[in-house]
Q: 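Take this structure first; my questions come after.
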Protein chains: 2
Amino acid sequence: MISQTGEYALRAVLYLALHQKGDPVSVETIADDLSMPRNYLSKTLHLLAKRGILTSARGPRGGFELAVPSDRLSLFEIVEPFDDLEGRGQCLLGRPECSDQTPCAAHHRWKDLAQRVSAFFHETTVDDLIAEMNGGAGPAAGNGSEPG
Amino acid sequence: MISQTGEYALRAVLYLALHQKGDPVSVETIADDLSMPRNYLSKTLHLLAKRGILTSARGPRGGFELAVPSDRLSLFEIVEPFDDLEGRGQCLLGRPECSDQTPCAAHHRWKDLAQRVSAFFHETTVDDLIAEMNGGAGPAAGNGSEPG
DNA sequence: TGTGTTTCTCATGAAAATATGATAAATACT
DNA sequence: AGTATTTATCATATTTTCATGAGAAACACA
């Protein structure tokens, strides 16, 4: 559904939301804890910083922090730099243009689902995922140590 | 959503369903009409033939035909050899195992959508797409010459 | 039997995604 | 100032996906 890189971004941002206690978190820490390639994650987070989703700081006590409150940060914003979730690439049969006016053979049946997927990413926030972890499946589910 | 190869498969099978009048259709014809790379499509269709979805015949008057009636041929069967639509790769956060018992942070919110997507591919048949073309958006929509 | 047509198969290539390693630049701390 | 730490950047490698090309195998037909 989303690329490896988009998945890294999602998991890393979720990690940041869960672990930042005022101080930035280093790429090393995140990469180690989430078993991701360190330098690759570095580039990925750097792009998110350029997009204004994270702040980055170099040097000792440096690292990454959320630049947006987690209840206002949608999954779409996190994944969008790495995956094309809407517009082009939306048509199941790969048409450059596919709309109600110029539908492909699958358009009318597929449209609703594609919109739901798009809506999911737009409407789900990082906070929603955290809330889900903290009891989404019942009051005593999980211990909060295994977010992704 | 699906790979380029899966998309080729989908469009080619739809083409076969629309154009076979008893005789096999050659890869050359399909590739030309749908603007696909000929040899690549050949390999793709060959795999569908091995899966029992198409029949292939060599030599003059050879080519490919549907081996399954189009009203019993689901999009899932066509795409599945090329794209992992369920099981692994289903978890939004990339977990090898992600279930109600061992949910990732997105599981409960994502599950329903993932199931709908899976159901779409399983339940939609090639015939459904053809029907869609022949008036799915209204009685006089389209002329049937632009399936995908 | 021969010829042309078509799939099948293999070898290779190109492009994109993913990943690694080395170095530069910035910063906090002593 | 000096040093260690950390991101930023560049170069490169690996893997996967997508694509091309040539020839072998099968087949229809004359």
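Since this is a predicted model, take the numbers as computed values, not measurements.
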Q: Please state whether the phosphate of D:dC18, meaning OP1 or OP2, lies under 4.0 angstrom from any side-chain nitrogen or oxygen of B:Tyr8.
A: no
Q: Write down the distance between CG (B:Leu48) and C1' (C:dT7), rounded to a whole number of angstrom.
A: 14 Å
Q: Can you tell me the distance, in whole Å, between the CZ atom of A:Phe64 and the P atom of C:dT27?
A: 14 Å
Q: Of the options C:dC10, D:dA8, C:dA19, whose atoms approach the side-chain atoms of A:Pro37 most closely?
A: C:dA19
Q: May I ask you to decide if A:Pro24's main-chain N or O and A:Arg61's side chain share a donor-acceptor pair within less than 3.5 Å?
A: no
Q: Return yes if the base of C:dT27 and the side-chain atoms of A:Arg58 contain a donor-acceptor N/O pair under 3.5 Å, otherwise no.
A: no
Q: In whole angstrom, what separates B:Asp23's CG from D:dC29's P?
A: 10 Å
Q: Can you see if the side chain of B:Ser56 gets near the phosphate of C:dC8 - specifically, an N or O under 4.0 Å from OP1 or OP2?
A: yes
Q: Quick one: do the A:Thr5 and A:Tyr40 side chains pair a donor with an acceptor below 3.5 Å?
A: yes
Q: Just the rounded figure in Å: distance from C1' of D:dT7 to CD of A:Glu28.
A: 12 Å
Q: Closest nucleotide of DNA chain D for A:Lys50 versus for A:Arg61: which of these residues is on the 5' side?
A: A:Arg61
Q: Using a cut-off of strictly less than 4.0 Å, decide whether A:His46 has a side-chain nitrogen or oxygen near OP1 or OP2 of D:dT7.
A: no
Q: Taking atom CZ of B:Arg51 as the centre, does the number of heavy atoms from other residues, nucleotides or ligands within less than 6.0 Å exceed 12?
A: yes
Q: Check this one for me: any side-chain N or O of B:Thr5 less than 4.0 Å away from OP1 or OP2 of D:dC18?
A: yes
Q: In whole Å, what is the span from the CZ atom of B:Arg38 to the P atom of D:dG21?
A: 11 Å
Q: Between B:Asp127 and B:Ser70, does any side-chain donor sit less than 3.5 Å from a side-chain acceptor?
A: yes
Q: How close or far is atom P of C:dG13 from atom CG of B:Asn39, stated in whole angstroms?
A: 16 Å
Q: Please compare A:Pro60 and B:Ala57 by the position of their nearest nucleotide in DNA chain C and report the one closer to 5'.
A: B:Ala57
Q: I want to check one thing: is the phosphate of D:dT6, taken as OP1 and OP2, less than 4.0 Å away from some side-chain N or O of A:Ser42?
A: no
Q: A:Tyr40 OH to D:dT12 P: how many Å, rounded?
A: 19 Å
Q: Heavy atoms under 4.0 Å, any strand shown: does A:Phe82 hit a base, just sugar-phosphate, or nothing?
A: nothing
Q: Whole angstrom is fine here: how far is it from CG in A:Leu45 over to P in D:dT9?
A: 14 Å
Q: Does a donor on one side chain sit under 3.5 Å from an acceptor on the other, for A:His122 and A:Glu77?
A: no
